[in-house]
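Shown next, in structure tokens, is the structure this report addresses.
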Amino acid sequence: MYANTKLWGEHQTALALGGADGSYAIVRYFSVYGEPQVVKENSHSWVVAWFAMRAALGLPLRLNGGGCQVRDFVHVDDIADATLTRVDHHRGADGATLNAGSGRATSIRQVADLVRRHYPDAQIIETPRQQGDRSAPAPTPPACVGCWAGSRRWISRTESTAT
């Protein structure tokens with residue numbers, strides 16, 4: 001459903017702006033994290049913020065279905081760079097689409113493990129997979145076809161927290 005609404009929005013943009021006088025580009029943001037992101041009630045998509053908050057409060061990190069779900073996390077600063085790159089370097093590329101991600105698959109369990117490096121007493125508990133939760137990630141877009149992989153911040157954060 002979520003992907004369909006995104007695709008619908010892209011088609012509506014093309015219909016509204018794709019005429020002779022229109023110009024547009026589409027940037028598809030993957031799983032964005034970073035300050036000033038805060039927990040969003042009833043949202044599973046902001047797992048980095050959820051885990052950081054729960055660990056700071058001494059609450060357990062819940063891994064639905066064991067945390068095997070995979071996402072492409074990208075820092076908000078890299079998203080800003082990707083957007084500016086699209087604007088600066090692709091003028092005249094009407095209708096172009098840019099996938100903005102880190103280019104790295106990261107499981108929810110790996111996110112929990114990274115948070116535990118900062119909060120070693122944080123407990124990880126496994127819970128049953130929630131109804132409607134995919135056991136596998138969404139298909140990955142074609143490798144680097146209109147892709148901007150801003151992984152330097154994710155990699156540097158991962159390496160700087162290594163034990």
How would you list, by chain and number, every residue that makes a side chain to side chain contact (heavy atoms under 4.5 Å, CB included) with Val39, sequence neighbours excluded?
-> Ala49, Trp50, Met53
State, to 0.1 Å, how close Gly67 and Ser107 come at their nearest heavy-atom pair, and which atoms those are.
-> O-CB, 3.6 Å
Kindly say whether Pro60 contributes a backbone atom to a donor-acceptor pair with the side chain of Arg54 at under 3.5 angstrom?
-> yes
Separation between CD1 (Ile108) and OG (Ser31), nearest 0.5 Å, reads 7.5 Å
Does Glu126 come within less than 4.0 Å of Arg62, counting only side-chain N to carboxylate O?
-> no
Okay, side chain of Asp72, backbone of Ser102: is any donor-acceptor separation there less than 3.5 Å?
-> yes
Minimum side-chain heavy-atom gap Thr106-Val111 below 4.5 Å = yes
Trace of the side chain to side chain contact (heavy atoms under 4.5 Å, CB included) decision for Tyr29 with Thr83 | CA-CA 9 Å; Tyr29 303 126; Thr83 302; 2.7 Å; yes
Using a cut-off of 6.0 Å, state whether more than 12 heavy atoms not belonging to Gln12 lie near its atom CD.
-> yes
Does a side-chain heavy-atom distance below 4.5 Å link Ile79 with Phe30?
-> no
Can you measure from CG (Leu7) to OG1 (Thr5) and round to the nearest 0.5 angstrom?
-> 9.0 Å
How far does CD of Glu10 sit from CG of Leu15, to the nearest 0.5 angstrom?
-> 12.0 Å
Student check: side-chain heavy atoms of Phe73 and Val48 closer than 4.5 Å = yes
Check: Asn64 main-chain N/O paired with Gln69 side-chain donor or acceptor under 3.5 Å = yes
Side chain to side chain contact (heavy atoms under 4.5 Å, CB included) partners of Ile124, counting only residues at least two apart = Leu61, Leu63, Arg109, Ala112, Asp113, Arg116
First locate atom OH of Tyr119, then atom CG of Leu57, and finally report the distance between them rounded to the nearest 0.5 Å.
-> 8.5 Å
